[in-house]
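Protein chains get the first letters and strands the later ones, always in sequence-line order, with residue 1 at the start of each. Note that the coordinates shown come from a computational prediction; the quantities given were computed from them, not determined experimentally.
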Protein chains: 2
Amino acid sequence: MAHSHDHHHHEARPDLTRNQDLVLRTLNGADAPLSAYDILDRLRDDGLRAPLQVYRALERLIEAGLAHRLESLNAFVCCADAGCHEKASGTAAFAICSKCGRVDEFTDPEVGERLAGWAGVQGFALERTTIELRGVCQGCRTAA
Amino acid sequence: MAHSHDHHHHEARPDLTRNQDLVLRTLNGADAPLSAYDILDRLRDDGLRAPLQVYRALERLIEAGLAHRLESLNAFVCCADAGCHEKASGTAAFAICSKCGRVDEFTDPEVGERLAGWAGVQGFALERTTIELRGVCQGCRTAA
DNA sequence: TTGCGTCATGTAATAACGTAACACAGATCG
DNA sequence: CGATCTGTGTTACGTTATTACATGACGCAA
């Protein structure tokens, strides 16, 4: 059962290395996607010097289902929910606001099923799916 | 009515500039996505020198619905069908083979509707959608 | 004709994103 | 002990994309 300290921040995960933990905390603390170089800049004071240190950590975090890469932005975000990779809840989709840069993660099982269905029919061995919507979010539209 | 010269190649489009036409022909002649620099290399003999010349042409071609950018590859392909942007046939999706690099473009109206539906409910003004599947195509699987 | 706006072009320089290659330290296991 | 595995740190480099500026061709109005 999940313990009840689900307050957006997370305690250090025992299975993360120092660099991975630093990068994950940085993503958690950001309110918009960060590029690898953004992350690096924010972690200079913690001793990180080279892009590769960040890219390696990101690679692990994504494998572990704790972060996502946004392909259309060349940037990274932490997962909205823990374990959003592992669930059968469907492929994660992202709505990215062109104005404010905020990203909203959601899933639509039907969409995942349709795409998986297409792959099945075609004999395409599906490994991963990217779904990204670009547009202007509610907040920015009404604020305009 | 469409004239009947639909033989994969296209005649020069009257509304394209020289650079745009060169880039489109290059994409048409390729059997896999090309990066902007790949395109540039293939067009050196035609006088192109700088990346920007290619990026500018690509930008127009994409606006005009004649080419697509594959975000997860940082590469470009020509459209499978003329006018695949303009139709209500739904958002284009791409299946990209990790082995051979081939790309298959398809649309699933249901998927487009579900995503547009989400956007509607959220008040998100949808401008464009990226759907990219990564995996191994039928041909490469059986050849393995 | 001249002057003006617009659009495509050409060029150089640089920014932003990502990786290869190598060396080292600590853990684990025979 | 040595072998191996994983993470780390560092340099250098490769790839992708943009900024800034200058030029040339065209339509159009004064």
Side-chain angles (χ1 to χ4, degrees), chain A residues 12-27 30 32-64 66-77 96 98 101 103 128 130 132 134, chain B residues 12-27 30 32-64 66-77 96 98 101 103 128 130 132 134:
Chain A
R13 316 237 176 193
D15 51 335
L16 294 183
T17 66
R18 168 178 158 80
N19 287 358
Q20 291 161 23
D21 189 59
L22 285 169
V23 168
L24 182 54
R25 284 173 187 280
T26 304
L27 287 179
L34 297 179
S35 75
Y37 282 73
D38 290 338
I39 296 169
L40 178 56
D41 286 342
R42 296 184 186 205
L43 291 175
R44 298 260 182 215
D45 294 345
D46 295 285
L48 270 69
R49 305 299 185 87
L52 198 47
Q53 296 175 287
V54 174
Y55 282 108
R56 289 202 273 230
L58 286 168
E59 185 181 359
R60 298 298 182 220
L61 292 173
I62 291 169
E63 280 174 14
L66 298 169
H68 297 281
R69 176 189 177 95
L70 299 176
E71 301 285 358
S72 66
L73 236 40
N74 294 331
F76 304 85
V77 289
I96 302 165
S98 313
V103 171
R128 106 188 135 76
T130 298
E132 297 176 16
R134 307 300 295 267
Chain B
R13 315 236 176 194
D15 52 335
L16 293 184
T17 65
R18 168 177 158 81
N19 286 358
Q20 290 160 22
D21 189 59
L22 285 169
V23 168
L24 182 54
R25 284 173 187 281
T26 303
L27 287 178
L34 298 178
S35 75
Y37 282 75
D38 290 338
I39 295 169
L40 178 56
D41 286 341
R42 296 184 185 203
L43 291 175
R44 298 261 181 213
D45 293 345
D46 295 284
L48 268 70
R49 306 300 186 87
L52 195 47
Q53 296 176 287
V54 175
Y55 282 109
R56 287 201 273 230
L58 287 168
E59 185 181 358
R60 298 300 182 217
L61 292 173
I62 292 168
E63 281 174 14
L66 298 169
H68 297 280
R69 176 190 177 94
L70 299 176
E71 300 286 357
S72 66
L73 236 40
N74 294 331
F76 303 85
V77 290
I96 302 165
S98 312
V103 171
R128 107 186 136 77
T130 298
E132 296 177 18
R134 306 301 295 268

Side-chain N or O of B/Asn74 less than 4.0 angstrom from OP1 or OP2 on C/dC17?
no

Can you tell me how far CG of A/Leu34 sits from OG1 of A/Thr26, rounded to the nearest 0.5 angstrom?
7.5 Å

In whole Å, what is the span from the CD atom of A/Glu59 to the P atom of C/dG18?
13 Å

A/Leu40 atom CG is separated from C/dT19 atom C1', nearest whole Å, by 15 Å

Side-chain donor/acceptor pairs under 3.5 Å, residues 35-42 of chain A, sequence neighbours excluded:
{"residue": "A/Ser35", "atom": "OG", "partner": "A/Tyr37", "partner atom": "N", "Å": "3.4"}
{"residue": "A/Ser35", "atom": "OG", "partner": "A/Asp38", "partner atom": "N", "Å": "3.0"}
{"residue": "A/Ser35", "atom": "OG", "partner": "A/Asp38", "partner atom": "OD1", "Å": "3.4"}
{"residue": "A/Ser35", "atom": "OG", "partner": "A/Asp38", "partner atom": "OD2", "Å": "3.2"}
{"residue": "A/Asp38", "atom": "OD2", "partner": "A/Ser35", "partner atom": "N", "Å": "3.0"}
{"residue": "A/Asp41", "atom": "OD1", "partner": "A/Arg44", "partner atom": "NH2", "Å": "3.4"}

Across all chains, not counting sequence neighbours, the salt bridge (Lys or Arg N to Asp or Glu O under 4.0 Å) partners of B/Glu71 are B/Arg69, B/Arg128

Along DNA chain D, first and last positions that approach a heavy atom of chain A under 4.0 Å:
D/dG7 to D/dT11

Exam field: side chain A/Glu132 to backbone A/Ser72, donor-acceptor pair closer than 3.5 Å:
yes

Could you check whether any side-chain heavy atom of B/Leu27 comes within less than 4.5 Å of a side-chain heavy atom of B/Leu66, counting everything from C-beta outward?
no

Tell me which of B/Phe76 and A/Ala57 sits closer to the 5' end of DNA chain D, going by the nucleotide each one is nearest to.
A/Ala57

Heavy atoms of B/Asp15 and B/Gln20 approach each other most closely as O-OE1, 4.3 Å

Considering residues at least two apart in sequence or located in another chain, which fulfil the side-chain contact (heavy atoms from CB on, under 4.5 Å) criterion with A/Arg18?
A/Leu22, A/Asp46

Between the protein and nucleotides 10-14 of chain C, are there any N/O to N/O pairs under 3.5 Å, and if so, what are the atom names and distances?
{"residue": "C/dG10", "atom": "OP2", "partner": "B/Asn19", "partner atom": "ND2", "Å": "3.0"}
{"residue": "C/dG10", "atom": "OP2", "partner": "B/Gln53", "partner atom": "NE2", "Å": "2.5"}
{"residue": "C/dG10", "atom": "O5'", "partner": "B/Gln53", "partner atom": "NE2", "Å": "3.3"}
{"residue": "C/dG10", "atom": "N7", "partner": "B/Arg56", "partner atom": "NH2", "Å": "2.4"}
{"residue": "C/dG10", "atom": "O6", "partner": "B/Arg56", "partner atom": "NH1", "Å": "3.3"}
{"residue": "C/dG10", "atom": "O6", "partner": "B/Arg56", "partner atom": "NH2", "Å": "3.3"}

If you measure from CG on A/Leu24 to CG on A/Leu16, what distance do you get to the nearest 0.5 Å?
6.5 Å

Whether B/Glu63 and B/Arg60 form a salt bridge (side-chain N of Lys/Arg under 4.0 Å from carboxylate O of Asp/Glu) is what I want to check.
yes

Does a side-chain N or O of B/Thr17 approach OP1 or OP2 of C/dA8 to a distance below 4.0 Å, or not?
no

To the nearest 10 degrees, the angle between the two end axes of the helix from C/dT1-D/dA30 to C/dG30-D/dC1 (five pairs per end) comes to 10°

What are the two closest non-hydrogen atoms of B/Ala75 and B/Pro33, and how far apart are they?
CB-CB, 3.8 Å

